[in-house]
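Before any comments, here is the structure.
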Amino acid sequence: MSLDKSTVRAIAELARIEVPDEELDHLAGELSNILTFVEQLSEVNTDGVAPMTSVAAMTLPMRKDEVTDGNQADAVLANAPDGADGFFTVPKVVE
Amino acid sequence: MAYLIEGETGDWEIVIGLEVHAQVISKAKLFSGAATEFGAEPNSQVSFVDAGFPGMLPVINETCVEQAVRTGLGLKAQINLTSVFARKNYFYADLPQGYQISQYELPIVGNGELLIDLPDGSTKAVGIERLHLEQDAGKSIHDMHPTKSYIDLNRSGVALMEIVSKPDMSSPEEAGAYLTKLRSILRYLGTCDGNMQEGSMRCDANVSVRPKGSTELRTRCEIKNVNSIRFVQQAIEYEARRHIDVYESGGEIRQETRLFDSAKGETRSMRSKEHAHDYRYFPDPDLLPLVISQDFVDGIKAGLPELPDDKKARFMAEYGLNAYDAGVMVAEKASAEFFEAVARGGAADPKDGQASPAGGRDAKKAANWVMGDFFAAMNAGDYSWENPPVSAENLGRMIDLIDDGTISGRLAKDVFQFMVAEQKDPATIVAEKGLKQVTDTGAIEKAIDDVMAANPDKVAEVKAGKDKLIGWFVGQVMKATQGKANPAMLNELIAKRFKE
């Protein structure tokens, strides 16, 4: 599978990564190589085989509905680049 | 009967599907142990999981799973014993993980059905496509600073059920009826409080139009986050009209997300969402598939309360109510319980599912009093089902006083008002206010004589054949007895006097 320049540009935008136009061709080649490598897996016939979600035979553990966490606004906000009055603050995003 | 919009080129139909986000009633969040309470100090109910800190792992809350299954059963839906959580990827300031944990290909609940009650007493089945569990995002506040948005993550990670209908609705009224019924069922089940103002129930409407009689599905637009049933209806009406105008002027509708501006009553495009539709869902590697047992589902099923449709059918069969009255009574669990307590005479247990046959009281009369004077009093003052204007017990006793002839239906209206104002039982009110009806023939005849003696000209007119005036005499005698004359006796005695 090969990706074209515009697809690479769209992927970069979705990931919020700034990619200069002159790098798009190069990246399209690299990403296409990765996809081609992974595509080899499709040669294996997996008809009737359920997707493997874990190497351990486990089911999802559940938790009781109890409040055991929270009340730590200072810790939650400690690494924030910007904050005020107990809130995170970011450049204005509004419709 | 079909709802049509008249255009320049002919009539158009609307096709509506609704997505409802219902906040699950639980103490802790879907994947963390932080509290879910509304209105707490900013960021005080946030665990490191909810804040998307590196290395933190989600652990699912069993009660949230139960609530989703309970809701699925209430919607007569298929429960999937295996379901899978997926990541829905997008960037937004109030989504710290950079993705929402949701369910995509394998939701916990599949196809179901909801019966909506229409104003003419008929019902219509609306298909449920699916119900899945997902995390709520945080909250952005844009009006606290000129250049910054403030982010509160208290809501981040709270469990939501996204309930998706099939595109089976064809008018704003049907959409309103769907939301009303869904909210009623969620409240009966105790899985969501249904409060649209506080945002614990939010609605997105998918709207498209097509020429009358056509079966095609044209491009739809999604109107996001409308926060009242009335606004949903207005938004649908506006959006349908917009589509028709675009088609009739030769244009095309573009699939997009729109916002409803309730102040202007119109929808507008949300530009920021234009590129957001590529969510790149994939199974969340932090979570194994959710596997539940049939026993788990059966246990929840056994504990389901009697739901509105069943209760309505029972009220019609057991109490002889018509479809409309029964529908009004069962709309809220509390109103249904109140009615049953009045109708049954208080002796029986009003608990769900243990309904005893109707007690001694006339159920139709009980329904009329509850829906009439009682609802009016409820709406007029600061009352709730926990604090009603008149208790079910006292309203029942008042009906007993009508039935045993102590008061007439007419006097009962006064007694009721005094009961509300003075918070006393009906017998006390009747005694204190002297509201017992007059059933003494002599006393009523005396009052009739007095009125006739005072109005000889009108007596002559009646005798000359002007029967309509008899009603005037009844009114005068009623007035003279302060409304206490037994109406049936009064009518009979007056008729008799004029025949003499």
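Here the structure is a predicted model, which is why all the values come from computation and not from measurement. Convention: sequence-line order gives letters A, B, ...; per-chain numbering from 1.
Note on P289(B), P285(B), S140(B), P283(B): by heavy-atom pairs under 4.5 Å with chain A, the leading option is P289(B). Considering only heavy-atom pairs separated by less than 4.5 Å from chain A, the leading option among G138(B), C64(B), G98(B), P146(B) is P146(B). Ranked by heavy-atom pairs shorter than 4.5 Å toward chain A, the options T147(B), N154(B), L153(B) are led by T147(B). For chain A, the option among S44(B), A40(B), A93(B), A51(B) with the highest count of heavy-atom pairs below 4.5 Å is S44(B). Counting heavy-atom pairs closer than 4.5 Å to chain B, the top residue among D74(A), V76(A), D82(A) is V76(A).
Distance alone, capped at 3.5 Å, is enough to place a donor-acceptor pair between the N43(B) side chain and the G86(A) backbone. Here the side chain of S149(B) pairs a donor or acceptor atom with the backbone of V93(A) at under 3.5 angstrom. Formation of a donor-acceptor pair under 3.5 Å by the E66(A) side chain with backbone atoms of G33(B) is not found in this model. Side chain of H142(B) to backbone of K92(A): no donor-acceptor contact under 3.5 angstrom is found.
Within a 6.0 Å sphere centred on CD of E23(A), other residues, nucleotides and ligands contribute more than 12 heavy atoms. Annotation: F48(B), atom CZ; neighbour count of heavy atoms from other residues, nucleotides and ligands within 6.0 Å is above 12. Surrounding NZ of K88(B) are more than 12 heavy atoms belonging to other residues, nucleotides or ligands, all under 6.0 Å away. By the neighbour-count criterion of 12 heavy atoms within 6.0 Å, atom CD of Q294(B) is densely surrounded, having more than that number from other residues, nucleotides or ligands.
Using a 4.5 Å heavy-atom threshold, the side chains of D69(A) and K29(B) count as separate. When side chains are defined from C-beta on, I60(B) counts as touching L60(A), because their heavy atoms get closer than 4.5 Å. With contacts defined as side-chain heavy-atom distances shorter than 4.5 Å, the pair F87(A)/D152(B) qualifies. With a 4.5 Å cut-off on side-chain heavy atoms, K148(B) and V90(A) do not count as touching. With a 4.5 Å cut-off on side-chain heavy atoms, L288(B) and M58(A) count as touching.
Proximity to chain A (any heavy atom under 4.5 Å) is restricted, for F53(B), to the side chain, taken from C-beta onward. Neither the backbone nor the side chain of V49(B) comes within contact range of chain A; no heavy atom of the residue lies under 4.5 Å from a heavy atom of that chain. Proximity to chain B (any heavy atom under 4.5 Å) is shown, for A10(A), by neither the backbone nor the side chain. Interface residue I292(B): only side-chain heavy atoms are found under 4.5 Å from chain A. In this structure, the portion of A15(A) lying under 4.5 Å from any heavy atom of chain B is its backbone and not its side chain.
Note that CG of L77(A) and CD1 of I151(B) are 11.5 Å apart. Values are rounded to the nearest 0.5 Å. Of the inter-residue distances, the one linking D94(B) atom CG with F88(A) atom CZ reads 11.5 Å to the nearest 0.5 angstrom.
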- Message: side chain to side chain contact (heavy atoms under 4.5 Å, CB included) for L290(B) and M62(A)? Distances and angles first, verdict last.
- Response: CA-CA 9 Å; L290(B) 172 59; M62(A) 296 204 206; 3.7 Å; yes
- Message: As a quick check of understanding, evaluate side chain to side chain contact (heavy atoms under 4.5 Å, CB included) for V67(A) and Q45(B), giving each step before the final call.
- Response: CA-CA 9 Å; V67(A) 176; Q45(B) 298 179 163; over 6 Å; no
- Item | Evaluation steps, side chain to side chain contact (heavy atoms under 4.5 Å, CB included), between Y150(B) and D85(A) | CA-CA 9 Å; Y150(B) 281 43; D85(A) 310 325; 4.0 Å; yes
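Residues N61(B) and R63(A) come closest through the heavy atom pair CB-NH2, 3.4 Å.
A salt bridge links K64(A) and E62(B); the closest N-O separation between the charged side-chain nitrogens and carboxylate oxygens is under 4.0 Å.
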